[in-house]
Each structure stands twice: as structure tokens, then as C-alpha cells.
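Take a look at the structure below.
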Amino acid sequence: MITMLDVSIRAGVSKATVSRVLNGTGQVKKSTRDAVFKAMDELGYRPNFLAQSLANKSSNSIGLVVSNFDGPYFGRLLRQAAKLIEASGKHLIVTDGHDTPEGELQAVQLLADRRCDAIILYTRFMSEDALMTLLDNLPVPVMVINRELPQARERCVFFEQKIAAFNVVDYLIRQGHREIASITGPIATPTAQARLAGYRQALEHHQIAFNDALVTNGDSSVQGGYHSCKALLAAGAPFSALFASNDDTAIGAMKALYQAGMRLPQDVSLFGFDDEPSAAYLHPALSTVYLPIDAMIEAAITQAFRLINGETLQPLPPFTGELKLRESVAPGPYAD
């Protein structure tokens, strides 16, 4: 087995210099680095990064926990995270929280055991108390995405979910809709609760009574949107507009509406959330909310690097959405 000592002899440098080159630490001349890498290539040496991480208490990696690996939303997040972290010279290690608070916690602990330099947690299910306990006790710095933590604002990157949902429903009402149905996301999640709160606040703002029969809880999937919309239709409460918790839900609802003989947007206007790439290519093109996940993950990574460097963090302002108005919304029965 080729060792670091063999590389140092071939390159004509000390073993400590080879170690500095591999770890990216200390000042090493370019000619020396080139000589070390040339020796590694000639000898076929492959560093044992696990052993190095145990010795150095660092794996030169950033851990990322996402709720699950499904859908284009998390695809966007992962692509941007990989691009930024690899450009920094570190490695990205990604794991799945399995859409449960226990799964998210286990994923964080797994990454901490692998001595990641920092961990970025996109959480849907962990409580605020559990997150604060994690931040206070984990030996690895953690940045949280998708949750506002009043006691640790500098450690979280979040989106104004309630305001975005309010803006959607407010827009629909101003377009002449009053009977507005809603399919929520998994209602145990803070995201779904915030979007439902925004929906209710917009109704209240326009002095429209909340109707339980117009709201059903979904699971953010296409299939879930289909079955939830069928349940709404079966309940019999008429509606001229539907606000779906995300674009996948809206796509499923679209099929259920078509099967019920309803035309979009002539009979029912439809609004989604997330602005998936497919949204603009549906028929009709889906009105939705653009959520700046690329900018959010970039901000989280930047803050994580500051934590690694021991810098003092300042709280970041919340991110906001943008209504993408397309063909799936038409004036409603009460339009002027």
C-alpha cells in the first residue's frame, strides 16, 4: 500500500508538507504542490480521507439535510448547493430527513459523526425547541433553512410563507373570487400552517367568512392533490378559485377538475406555489409563487462558512416570494 511517506520521498518534501497540501492548510508554494500531486499520480496514491478527518477532527465537507429527495424543488436546492460547496474546495454530503422530526434529527447526528465542518438543515418537521437544543448542544455549527428561530435569527434562513400565501389569496379576491378553496400541505408542518394562516388572513382582510368545507389537507404530492381536489368537489361547496399548497398539488388538482368537467380558468382559477419548471408549460400555464431557493441555499452556505471561520454572524432578512401570473387565473364572478 502506498503511503504518505512514499509520496513525500518521491516528491522530495517532508511528510508534513504532503499533509498540508492534502488538507489545504498552511502556505505551500505552487511548485511544491505540483510536485506532490505529480508524485501522487505516479504512485497511484489515494488519500484516506476518513483517517484524515479523524486525525484532524475535520472532513473538509459540508453536510446538507433535506426533507426528502423528491421533486424539482429539492433538485434546484441540491444543484445550487453542490455548485457552491464544490467551488469552495469542500465536499458536499447529502442525506434525507425522511419527512419526520426523528429522521431529520438522525440525519444531522449522522453528519456530525462524520465530522462535517458545518451542517445545513432544511427542516419541515422539527419543533423550535428541538432545533434550539440542536444548535446549543451539537459540536458542529448548524444553519437552519425554512424556519424562523427568534432566539437564533443569525442561524436561520427563512421565507415569508404567510405573506406569500396572503398575497396569492388577496390577488384572487381582487380578481373577483370570493369562494376560494385551498389544499394545504402536510398540516403538521410549520410551512403548511403558515400558508393556511396567510389564506385565512386574506379572507379576513376582505371580510370574507372562513368556510371549513373549502379547505382540505394534502400531502404536497401530485397524487395527493388529485385526491384532495376530488374530496373538495365531493363535499359540494362551490368555489371559483383554488389555492394549492405547491405546484405538484396543483397539477393533481388540475386533473381532478378536468375529470369533473370543469374548464380552467373559465370555471375554476388555479394558483400553485414554488414555480416548478413545468408550471409555465402546463395547459393552461400555472400561476404560482416563485420561491428563491437558489438564493436561500447560497445565503445558508455563506453563513455556514462564516461559522467555520469563527466570524460573528448578523441576522439575515427574510426572503420573499414573487407572484408569477399566468393563464390559469381568470376574473371571477364578482369581478368589476
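What you see below is based on every heavy atom in this structure, not just the backbone, and it leaves out hydrogens, waters and symmetry mates.
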- Item | Asp170 and Arg174 ion-paired at < 4.0 Å | yes
- Query: Ignoring hydrogens and geometry, is there a side-chain-to-backbone donor-acceptor pair from Thr95 to Val65 under 3.5 Å?
  - Reply: no
- Query: Do the two ring centres, one from Tyr122 and one from Phe74, sit under 6.0 Å apart?
  - Reply: yes
- Task: Could you check if a side-chain atom of Thr123 sits within less than 4.5 angstrom of a side-chain atom of Val144, using non-hydrogen atoms only?
- Result: yes
- Over all heavy atoms of both residues, which pair between Ala81 and Ile301 is shortest? Give the atoms and the distance, please. CA-CD1, 3.8 Å
- Item | Worked check of side-chain contact (heavy atoms from CB on, under 4.5 Å) between Glu179 and Tyr334 | CA-CA 10 Å; Glu179 291 79 27; Tyr334 302 91; 3.4 Å; yes
- Carboxylate-amine/guanidinium contact Lys324 Glu322, below 4.0 Å: yes
- Going by atom types alone, do Thr133 and Asp136 pair a side-chain donor with an acceptor below 3.5 Å? no
- Message: Tell me whether Glu104 contacts the main-chain N or O of Met126 through its side chain, where contact means a donor paired with an acceptor under 3.5 Å.
- Response: yes
- Message: Using modelled atom types and a 3.5 Å cut-off, is there a donor and acceptor pairing between side-chain atoms of Tyr199 and backbone atoms of Ile180?
- Response: yes
- Message: Go through it in stages, so that I can follow the logic: the residues are Leu323 and Ser287, the test is side-chain contact (heavy atoms from CB on, under 4.5 Å), and I'd like the CA-CA distance, side-chain angles, deciding distance and then a yes or no.
- Response: CA-CA 7 Å; Leu323 300 189; Ser287 292; over 6 Å; no
- Item | Linked, directly or transitively: Phe158 and Ile119 (ILVMFWY side chains, under 4.5 Å) | no
- Message: Using 0.5 Å steps for rounding, measure from the OG atom of Ser221 to the OH atom of Tyr226.
- Response: 13.0 Å
- Query: Closest approach of Ala194 and Gln161, non-hydrogen atoms and distance?
  - Reply: CB-CB, 3.7 Å
- Is atom OH of Tyr281 surrounded by more than 12 heavy atoms (other residues, nucleotides or ligands) closer than 6.0 Å? no
- Message: So Val329 and Leu270, do their side chains get closer than 4.5 Å, heavy atoms only?
- Response: no
- Nearest heavy-atom approach of Pro333 to His177 is CD-ND1, 4.0 Å
- Could you tell me whether Glu42 and Arg10 make a salt bridge, using a distance below 4.0 angstrom between a side-chain N and a carboxylate O? yes
- Item | Neighbour count >12 (heavy atoms, 6.0 Å) for atom CD, Gln223 | no
- Task: Just do the side-chain contact (heavy atoms from CB on, under 4.5 Å) check on Leu325 and Tyr171 with the steps written out, would you?
- Result: CA-CA 10 Å; Leu325 305 178; Tyr171 173 77; 3.7 Å; yes
- Query: Between Gly218 and Ser228, what is the shortest heavy-atom contact and its length?
  - Reply: CA-OG, 3.7 Å
- Query: According to a 4.5 Å side-chain heavy-atom criterion applied to Ile, Leu, Val, Met, Phe, Trp and Tyr, with indirect links allowed, do Val268 and Val215 form part of one hydrophobic cluster?
  - Reply: yes
- Message: Give me the atom names and distance for the closest heavy-atom approach of Pro186 to Ala192.
- Response: O-CB, 3.2 Å
- Message: Would you say that Leu264 contacts Ser269 through its side chain, given a criterion of any heavy-atom pair below 4.5 Å between the two side chains?
- Response: no
- Item | Interatomic spacing from CD in Glu148 to CG in Leu131 - rounded to 0.5 Å | 12.5 Å
- Query: Is the count of non-hydrogen atoms from other residues, nucleotides or ligands lying under 6.0 Å from Arg76 atom CZ greater than 12?
  - Reply: yes
- Message: Tell me whether Arg178 contacts the main-chain N or O of Ile173 through its side chain, where contact means a donor paired with an acceptor under 3.5 Å.
- Response: no
- Looking at side-chain heavy atoms only, is the closest gap between Phe305 and Ser88 below 4.5 Å? yes
- Task: For atom CD of Glu154, decide whether the heavy atoms of other residues, nucleotides or ligands shown that lie under 6.0 angstrom number more than 12.
- Result: yes
- Query: Can you find a side-chain donor-acceptor pair between Thr288 and Asp275 that sits under 3.5 Å?
  - Reply: no
- State whether the side chain of Gln193 and the backbone N or O of Ile187 hold a donor-acceptor pair below 3.5 Å, judged by distance alone. yes
- Do any N or O atoms from the side chain of Asp247 and from the backbone of Glu276 form a donor-acceptor pair under 3.5 angstrom? yes
- Query: Thr302 side chain to Glu298 main-chain N or O, any donor-acceptor pair under 3.5 Å?
  - Reply: yes
- Note on the structure: For Pro150 and Glu128, the nearest pair of non-hydrogen atoms, with its separation, is CD-OE2, 3.8 Å
- Query: Could you state the interatomic distance from CD1 (Ile297) to CG (Leu77), rounded to the nearest 0.5 Å?
  - Reply: 4.5 Å
- Please tell me if the side chains of Ile145 and Leu121 come closer than 4.5 Å, counting only heavy atoms from C-beta onward. no
- Task: Decide yes or no for Arg155 and Leu313: does some side-chain heavy atom of the first lie under 4.5 Å from some side-chain heavy atom of the second?
- Result: yes
- Quick one: do Tyr73 and Leu78 end up in the same hydrophobic cluster if we chain Ile, Leu, Val, Met, Phe, Trp and Tyr together by side-chain heavy atoms under 4.5 Å apart? yes
- Query: For the side chain of His206 and the backbone of Gln201, is there at least one donor-acceptor N/O pair under 3.5 Å apart?
  - Reply: no
- Message: Is there a path of hydrophobic side-chain contacts, each under 4.5 Å between heavy atoms, that joins Leu110 and Val66?
- Response: no
- Message: Please determine whether residues Ile308 and Met143 belong to a single hydrophobic cluster, defined as Ile, Leu, Val, Met, Phe, Trp and Tyr linked transitively by side-chain heavy-atom distances below 4.5 Å.
- Response: yes
- Message: Pair Leu149, Met132 - check side-chain contact (heavy atoms from CB on, under 4.5 Å), show working.
- Response: CA-CA 8 Å; Leu149 301 174; Met132 289 306 305; 4.3 Å; yes
- State the OG1-CG distance between Thr189 and Asp99, to the nearest 0.5 angstrom. 9.0 Å
- Message: I'd like to know if the side chain of Asn309 and the backbone of Arg306 have a donor-acceptor N/O pair within less than 3.5 Å.
- Response: no
- Task: Assess the pair His205 and Phe166: is the distance between their ring centroids shorter than 6.0 Å?
- Result: yes
- Note on the structure: Distance col, row Leu286:CG vs Asp274:CG, nearest 0.5 angstrom, shows 10.5 Å
- Task: Hey, could you give me the CE/CG distance between Met262 and Leu242, rounded to the nearest 0.5 Å?
- Result: 10.5 Å
- Side chains of Asp129 and Ser127, donor plus acceptor under 3.5 Å: no
- Ignoring hydrogens and angles, state whether a donor on the side chain of Asp34 or Ser31 is under 3.5 Å from an acceptor on the partner side chain. no
- Task: Tell me yes or no: between the side chains of Asn217 and Thr184, is some donor less than 3.5 Å from an acceptor?
- Result: yes
- Message: Within the 3.5 Å criterion, strictly below it, is a donor on Asn146 or Thr191 matched to an acceptor on the partner's side chain?
- Response: yes
